[in-house]
Number of protein chains: 2
Amino acid sequence: MAEASGAGVVEVGELRTASGAGSSLHEEILQGLRRYLVEGGLPDGARIPERLLCQTMGVSRTPLREALKVLAAEGLVELLPNRGARVRAFGEKDIRELFEVMGGLEALAGRLACEHITDEEIAAVEKLHYDMYASYMRRDLPAYFALNQKIHQAIVAAARNAVLTATYTNFSSRLQRVRYNANRENHKDRWGEAMREHEQILDALQRRAGLELSDILFRHLQNKRAAALRYLSDHPSETDPMKG
Amino acid sequence: MAEASGAGVVEVGELRTASGAGSSLHEEILQGLRRYLVEGGLPDGARIPERLLCQTMGVSRTPLREALKVLAAEGLVELLPNRGARVRAFGEKDIRELFEVMGGLEALAGRLACEHITDEEIAAVEKLHYDMYASYMRRDLPAYFALNQKIHQAIVAAARNAVLTATYTNFSSRLQRVRYNANRENHKDRWGEAMREHEQILDALQRRAGLELSDILFRHLQNKRAAALRYLSDHPSETDPMKG
DNA sequence: GATGGAAAAAATGAATGCAAAACTGCCGAG
DNA sequence: CTCGGCAGTTTTGCATTCATTTTTTCCATC
């Protein structure tokens, strides 16, 4: 299932030791749970009985509850009063909105990146780009996917804005669940188009054409969104909220 | 949500009853504390001893700690391991980054708003705009300030994107502390310029010129940022982090 | 046999208790 | 007079416990 990228899905048993050990316990739990959710360890809408997680992870309820509150604030879980936590299910509306905001953030990142990026960083993006192109020619979707994310992350990093980076990472996590699903089924038609868009992205970045890059990235994300929504309408069972 | 404008600074004693009573206690505490911080109830960098807040608000430590964790995730407080919570102090770098992201979000909002806004909503923005202009002529800065925020909020709301609205509100809260300070000292020179920019904003909105509005809003925010930073360099004591 | 309600069971929300880490004040050495 | 170390106090982090709400189960009734 999660063989798409490097590491496999984290087991619930190794949640505590899996992600880097934060100094405090609630931090450790938070990172472990977040990773567990992002990698799709639980299906959409699944209930999260805290008692069960407690004995599985070998911790008390207090730090776990603190972590759940934070995850709720991040939008990964939803807390029903007196009824526990559920894995937040993203419907079509949520995904549309998330991609729109991601588009806005990447547009901003592109604009800022062109102002601050160094030649070395551009060279690094070039290398990622050509590696990604090689993956494309090999039809190696997992590798393509991973490099694709690295490129976008590099552009965001080049924007020199920690707040933007943190926000981008947060939204990216929320979409990761969707991407894992949408990635299985490959939209071959979309793939070539995406590759061409990335050619433009690299070109604009090399010329440090901020506004142009900004616009390309925004439309790139809009196309990604369309592809994701197309996938959703074909496979409605996987991520549709069972809202009733 | 943060009322942002109307009422004065909330007293610590009325924290529990101040904001609308959320169903659960930790929610109540969270909203109360958030409002308290946003309205500047505590100075930058102040320590927040949880025991003290507990007896002040008459609650136990558990829900308060949960609320603090969420506020830390939102970026309003910072949690030092084993050393408690402090009011997060925004330095020049943070403010620059926050305004940049706000600019990106507002640019996105403008673009989307032009696609979705109704004539009635445009009329409402027009009214806000002219009221604001009247406040400008009266040199009534607080009223101007409140209407200014309402206009921006209306544009964000017209984008029809709940994720964007939530994100915008979050960042707006973080900047609220700065604005409260920067607002006292009035940058008369900047005021007229801002008013002219708002003329352009209304004009582009009326023509539903998305890209144009997007760009105006972004530059508008960049100018706001410059003004805020100018204020900061004149009054470094108020919001500078005493990092050391 | 199906339905409604009451009691039992389980889960959540909040409070308290306890161990460990940090801060304070004091004292002595240099 | 300043600096470093040590004991006492305070504060934080986590576990446990209590109270309230929800869910389940079982039984009586239709």
Side-chain angles (χ1 to χ4, degrees), chain A residues 12 15-34 37 42-43 45-74 76-88 242-244, chain B residues 12 15-34 37 42-43 45-73 76-89 242-244:
Chain A
V12 95
L15 274 181
R16 287 191 57 183
T17 59
S19 260
S23 48
S24 50
L25 188 51
H26 72 260
E27 189 79 15
E28 202 176 330
I29 296 174
L30 176 61
Q31 296 193 5
L33 256 185
R34 187 189 294 129
L37 292 176
L42 287 175
R47 286 197 54 178
I48 308 176
E50 49 185 57
R51 181 65 62 90
L52 179 66
L53 267 184
C54 282
Q55 53 192 59
T56 308
M57 301 176 66
V59 297
S60 172
R61 285 176 53 213
T62 308
L64 184 99
R65 287 173 55 81
E66 293 174 349
L68 282 177
K69 295 282 188 305
V70 173
L71 289 174
E74 290 180 7
L76 281 172
V77 307
E78 57 185 342
L79 256 43
L80 294 83
N82 287 323
R83 303 240 232 105
R86 304 177 81 95
V87 179
R88 170 119 182 243
M242 319 190 163
K243 286 213 168 109
Chain B
V12 93
L15 273 182
R16 284 192 58 184
T17 58
S19 259
S23 49
S24 51
L25 187 51
H26 73 261
E27 190 79 16
E28 201 176 331
I29 296 175
L30 176 61
Q31 297 195 7
L33 254 186
R34 187 189 294 129
L37 292 176
L42 287 175
R47 288 196 52 178
I48 308 176
E50 49 185 55
R51 186 63 64 90
L52 178 66
L53 266 184
C54 281
Q55 53 193 56
T56 309
M57 301 176 67
V59 297
S60 172
R61 286 175 52 213
T62 308
L64 184 100
R65 286 174 55 81
E66 293 173 349
L68 282 178
K69 295 285 187 304
V70 173
L71 290 174
L76 281 172
V77 307
E78 56 186 344
L79 255 43
L80 295 85
N82 287 322
R83 300 232 240 115
R86 304 176 81 94
V87 178
R88 172 119 181 243
M242 318 190 165
K243 288 226 165 95

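Convention: sequence-line order gives letters A, B, ...; per-chain numbering from 1.
Distance check, rounded to the nearest 0.5 Å: NZ of B:K69 to OG of A:S24 gives 7.5 Å. Distance check: B:L53 CG to B:Q55 CD gives 9.5 Å after rounding to the nearest 0.5 Å. Between the CD atom of B:E66 and the OG1 atom of A:T62 there is a distance of 8.0 Å, given to the nearest 0.5 Å.
By the salt bridge (charged side-chain N to carboxylate O under 4.0 Å, His left out) test, A:R61 pairs with A:E50, sequence neighbours left out. Considering only residues two or more places apart in sequence or on other chains, B:A85 meets the side-chain contact (heavy atoms from CB on, under 4.5 Å) condition with B:I48, B:L68, B:L79.
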### Message
Does the protein touch nucleotides 6-20 of chain D at the base, only the backbone, or not at all? Give it as B, S and - per nucleotide, heavy atoms under 4.0 Å.
### Response
------BBSBBB---
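Within the structure, every pair that satisfies the side chain to side chain donor-acceptor pair (under 3.5 Å) test and touches residues 79-88 of chain B, not counting sequence neighbours, is listed here: B:R88-B:D94.
Here chain B contacts DNA chain C (any atom closer than 4.0 Å to a heavy atom, that is under 4.0 Å), and the contacts span C:dA14 to C:dC23 from 5' to 3'.
Here the shortest heavy-atom pairing between B:S60 and B:P63 reads O-CD, 3.5 Å.
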